[in-house]
Novice: 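Encoded as structure tokens, here's the structure I'll be asking about.
Chain letters run A, B, ... following the sequence lines, proteins first, then strands; residues in each count from 1.
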Amino acid sequence: MQLVQLRMICSVSTSLNLSLNHHIRNGRIADARKLFDRSQELRDVATWNTMISGYCKNRQIKNAQYLFDEMPQRDVVSWNIMLGGFYRSNDKESVVGCFIEMGRTGFKPTEFTLASVISAVSDMGFGVLVPQLHGNAVCLGLNSSVFVGSALIGGYTGMGCRRSDLRQVFDEILSRDVTSWNSLISGYMSIGVVEEACRMFGRMPERNVVSWTCLVRGYIQNKKMDDARRSFDKMPEKNVVSWTVMISGYERNGRFEEALELFVLMLNSGVQPNEFTLSSVASACAGSSSLVFGKQIHSSILKTGVPADVLLLSSLVDMYAKCGDITAAESVFETIPEKSLPSWNSIIGGYAKHGYGAKTLEQFERMKRHGIKPDNITFVHVLTACAHGGLVEKGEAHFESMVSKFGIQPEKEHFACMVDLYGRAGELEKAKNLIKRIPFEPDVVVWGALLGACGLHSNLEFGLFAAEEMYKLEQGHPAAYSLLSKIHGDKGEWARVIELRKIMEIETKKQKAGSWIEA
DNA sequence: GTAGGGTTAG
């Protein structure tokens with residue numbers, strides 16, 4: 001009698017779970033929740049899991065977490081759903097925390113568990129843990145799983161492994177499907193063994209659009225733009241991601257015109273761009289100062305209702321700023337509801353580039369008040385603004401705060417900004433002393449900043465010193481000669497000027513000849 | 001009821 005009742009309840013809860021799933025699949029998460037709340041007596045573990053997974057799929061990780069905390073009993077699937085949810089919502093720390101908690105509660109990991117955890121630790125830069133988790137997988141007999149295998153390939157790739165390591169993990173997988181092959185191609189490309197990647201691509205039993213996209217992306221990663229384009233043109237089908245990979249590849253390699261041309265081809269092919277595509281295209285407009293095209297992109301975003309996410313809007317701010325329309329940059333910036341680090345960097349960089357020192361620092365303070373932590377790029381902009389505006393003390397204070405307040409180690413660019421700052425202000429001694437304190441070999445940019453300042457203030461002694469250092473790094477740098485000859489000219493030493501001009505002509509000719517051969 | 005591979009700033 002009891003058994004019959006149990007069976008009835010089970011079948012009722014199965015149909016409840018089916019309807020829940022139906023709502024979730026059709027994007028009606030609120031309806032799903034209503035049904036869930038109405039059916040308290042019929043819920044089983046699977047009901048809870050379905051609801052939690054629904055929230056995860058809809059990127060409502062907080063709601064998922066509430067339900068997970070409330071549920072009367074959990075099984076291993078509940079834990080796995082949360083692990084995957086945290087991973088996809090970019091909360092890698094919680095994946096690890098949840099995994100530890102899961103172990104404490106006495107659950108054994110499954111292939112789903114390990115796949116999420118391996119990917120999470122690898123993304124967090126704890127690649128050293130990957131071989132350990134691999135060991136766990138072997139002990140549990142899970143290393144032959146496709147999920148674990150693909151995650152391991154990604155994990156080993158991230159920690160700078162050899163090609164044989166990737167191959168070994170791949171060979172351990174019992175029944176390899178197209179996704180495991182794709183992981184292997186991506187892995188080989190990421191560690192730079194392009195030929196091996198191509199060989200394996202040729203040996204794939206089947207290929208899908210992702211396989212081709214992995215190949216194209218791999219060529220781009222390895223700076224083989226023309227190979228990338230050839231494979232791209234050969235693709236049997238292209239989707240929005242494949243187009244975006246190729247367009248952003250051109251953009252990031254400074255080939256802005258080709259990026260824009262390809263974008264036009266994409267539109268003609270009937271594939272709709274998304275926020276990723278448009279962000280790359282906006283950057284290409286920024287790089288090529290194509291204000292007209294950039295404006296068209298902006299208005300088509302407003303018209304077509306593409307989700308204008310924070311990064312896309314930040315790219316637009318950057319585009320307007322680089323194209324010289326700082327007012328438009330400002331107004332787009334102000335429409336961004338949740339401004340992120342890229343948004344602030346775009347507007348701060350825009351002000352710095354336009355020479356608005358006071359506005360740069362104003363926005364920088366505003367950014368900090370909003371609780372956004374500046375990064376190394378923010379400081380390049382801030383220090384540039386201080387240098388150009390002659391704000392020596394402010395520049396010094398911000399430079400000092402990099403390490404003391406934000407734990408950011410100054411890089412060559414920051415030192416170059418500071419040398420420029422001191423140099424422009426005529427504090428050549430300070431500039432030279434700062435160069436001595438740089439914890440690594442100063443480069444042409446750093447010496448160039450000092451030399452430029454010496455030109456500005458006609459200081460021969462330091463100028464010669466800087467030019468000599470530059471010569472050691474890069475022989476025949478035309479700027480060095482022209483600045484030195486200017487300084488000599490200011491001092492009335494015309495013989496030296498003529499001598500330098502001659503050397504410069506010879507060196508420049510050499511350089512031109514060189515570039516002819518390369519072209 | 002859980003899943004792995006390819007897309008955005010400077």
Novice: Please say whether the positively charged group of A/Lys238, taken as NZ for Lys or CZ for Arg, lies over the ring of A/Phe232, i.e. under 6.0 angstrom from the six-membered ring centre and within 45 degrees of the axis.
Specialist: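 Yes, cation above the ring, under 6.0 Å and within 45°.
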Novice: Would you please classify the geometry between the A/Phe333 ring and the A/Trp344 ring as parallel, tilted or perpendicular, with 30° and 60° separating the classes?
Specialist: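 Ring orientation, 0 to 90° scale: perpendicular.
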Novice: Contact class for A/Arg207 vs. all strands (heavy atom < 4.0 Å): base, sugar-phosphate, or nothing?
Specialist: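 Nothing, no nucleic acid heavy atom in range.
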Novice: Are any of the side-chain nitrogens in A/Arg255 or A/Asp226 under 4.0 Å away from the carboxylate oxygens of its partner?
Specialist: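 Judged by the 4.0 Å cut-off on N to carboxylate O distance, A/Arg255 and A/Asp226 do form a salt bridge.
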Novice: Would you say A/Lys57 places a side-chain N or O within less than 4.0 Å of OP1 or OP2 belonging to B/dT2?
Specialist: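 Yes, A/Lys57 has a side-chain N/O under 4.0 Å of OP1/OP2 on B/dT2.
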Novice: Is a salt bridge present between A/Asp227 and A/Arg230, judged by a nitrogen-to-oxygen distance below 4.0 Å?
Specialist: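 Salt bridge between A/Asp227 and A/Arg230, a charged N being under 4.0 Å from a carboxylate O: yes.
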Novice: Which of these nucleotides, B/dA3, B/dA9, B/dG6, is closest to any side-chain atom of A/Phe112?
Specialist: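 Side chain of A/Phe112 sits closest to B/dA3.
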Novice: So if I take every side-chain heavy atom of A/Asn239 and compare against B/dT2, B/dA9, B/dG6, which nucleotide ends up nearest?
Specialist: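 Among B/dT2, B/dA9, B/dG6, the one nearest the side chain of A/Asn239 is B/dG6.
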Novice: Between A/Lys368 and A/Glu365, does any side-chain N to carboxylate O distance fall below 4.0 Å?
Specialist: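 Answer for the salt bridge query: yes.
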Novice: Just call it for A/Asp318: base, sugar-phosphate, or nothing, with non-hydrogen atoms closer than 4.0 Å on any strand.
Specialist: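 Sugar-phosphate contact only - A/Asp318 comes under 4.0 Å of backbone atoms but never of a base.
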Novice: Where the side chain of A/Ser186 is defined as all heavy atoms beyond and including C-beta, which of B/dA3, B/dG5, B/dT8 is the nearest nucleotide?
Specialist: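 The nucleotide sitting nearest to the side chain is B/dG5.
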Novice: Would you be so kind as to tabulate the donor-acceptor pairs closer than 3.5 Å made by side chains of residues 108-117 of chain A, with sequence neighbours excluded?
Specialist:
residue: A/Thr110; atom: OG1; partner: A/Asn80; partner atom: ND2; Å: 3.0
residue: A/Thr110; atom: OG1; partner: A/Phe112; partner atom: N; Å: 3.3
residue: A/Thr110; atom: OG1; partner: A/Thr113; partner atom: OG1; Å: 3.2
residue: A/Glu111; atom: OE1; partner: A/Ser145; partner atom: OG; Å: 2.8
residue: A/Thr113; atom: OG1; partner: A/Asn80; partner atom: OD1; Å: 2.6
residue: A/Thr113; atom: OG1; partner: A/Thr110; partner atom: N; Å: 2.8
residue: A/Thr113; atom: OG1; partner: A/Thr110; partner atom: O; Å: 3.4
residue: A/Ser116; atom: OG; partner: A/Phe112; partner atom: O; Å: 3.4

Novice: Quick one: list whatever passes ring pair (Phe, Tyr, Trp, His ring centres under 6.0 Å) with A/Phe263, sequence neighbours left out.
Specialist: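 Listed in chain order: nothing, the list is empty.
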Novice: Mind checking if A/Asn21 touches a base, just sugar-phosphate, or nothing, with heavy atoms under 4.0 Å?
Specialist: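 Answer is sugar-phosphate: A/Asn21 comes under 4.0 Å of backbone atoms only.
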Novice: If you check the A/Thr179 side chain, which of B/dG6, B/dG5, B/dA9 turns out closest?
Specialist: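 For A/Thr179, the side-chain atoms sit closest to B/dG5.
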Novice: With a non-hydrogen cut-off below 4.0 angstrom, is A/Ile377 in contact with a base, only sugar-phosphate, or nothing?
Specialist: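 Here A/Ile377 touches the bases of the nucleic acid.
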Novice: Heavy atoms only, 4.0 Å cut-off, all strands: where does A/Ser346 land among base, sugar-phosphate and nothing?
Specialist: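 Counting heavy atoms under 4.0 Å across all strands, no contact is made by A/Ser346.
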Novice: Compare the minimum distances between each of B/dT2, B/dA9, B/dG6 and the side chain of A/Val209, then state the nucleotide with the smallest one.
Specialist: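 Taking heavy atoms from C-beta onward, the closest nucleotide is B/dG6.
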Novice: Pick base, sugar-phosphate or nothing for A/Arg252, based on heavy-atom distances below 4.0 Å to the nucleic acid.
Specialist: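 The answer is sugar-phosphate, as A/Arg252 gets under 4.0 Å only of primed atoms, P, OP1 or OP2.
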Novice: Is the distance from OP1 or OP2 of B/dG4 to the nearest side-chain N or O of A/Arg176 less than 4.0 Å?
Specialist: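 No, because none of the side-chain N or O atoms of A/Arg176 sits under 4.0 Å from OP1 or OP2 of B/dG4.
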Novice: With the threshold set at under 4.0 Å for non-hydrogen atoms, list the residues of residues 279-287 of chain A touching DNA chain B in residue-number order.
Specialist: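 Under 4.0 Å from DNA chain B: A/Ser279, A/Ser283.
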Novice: Output the single nucleotide from B/dG4, B/dG6, B/dG10 whose closest atom is nearest the side chain of A/Asn376.
Specialist: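 It is B/dG10.
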Novice: Counting the atoms with a prime plus P, OP1 and OP2 as sugar-phosphate, which does A/Ser248 contact under 4.0 Å by heavy atoms, base, sugar-phosphate, or nothing?
Specialist: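 Result for A/Ser248 = sugar-phosphate.
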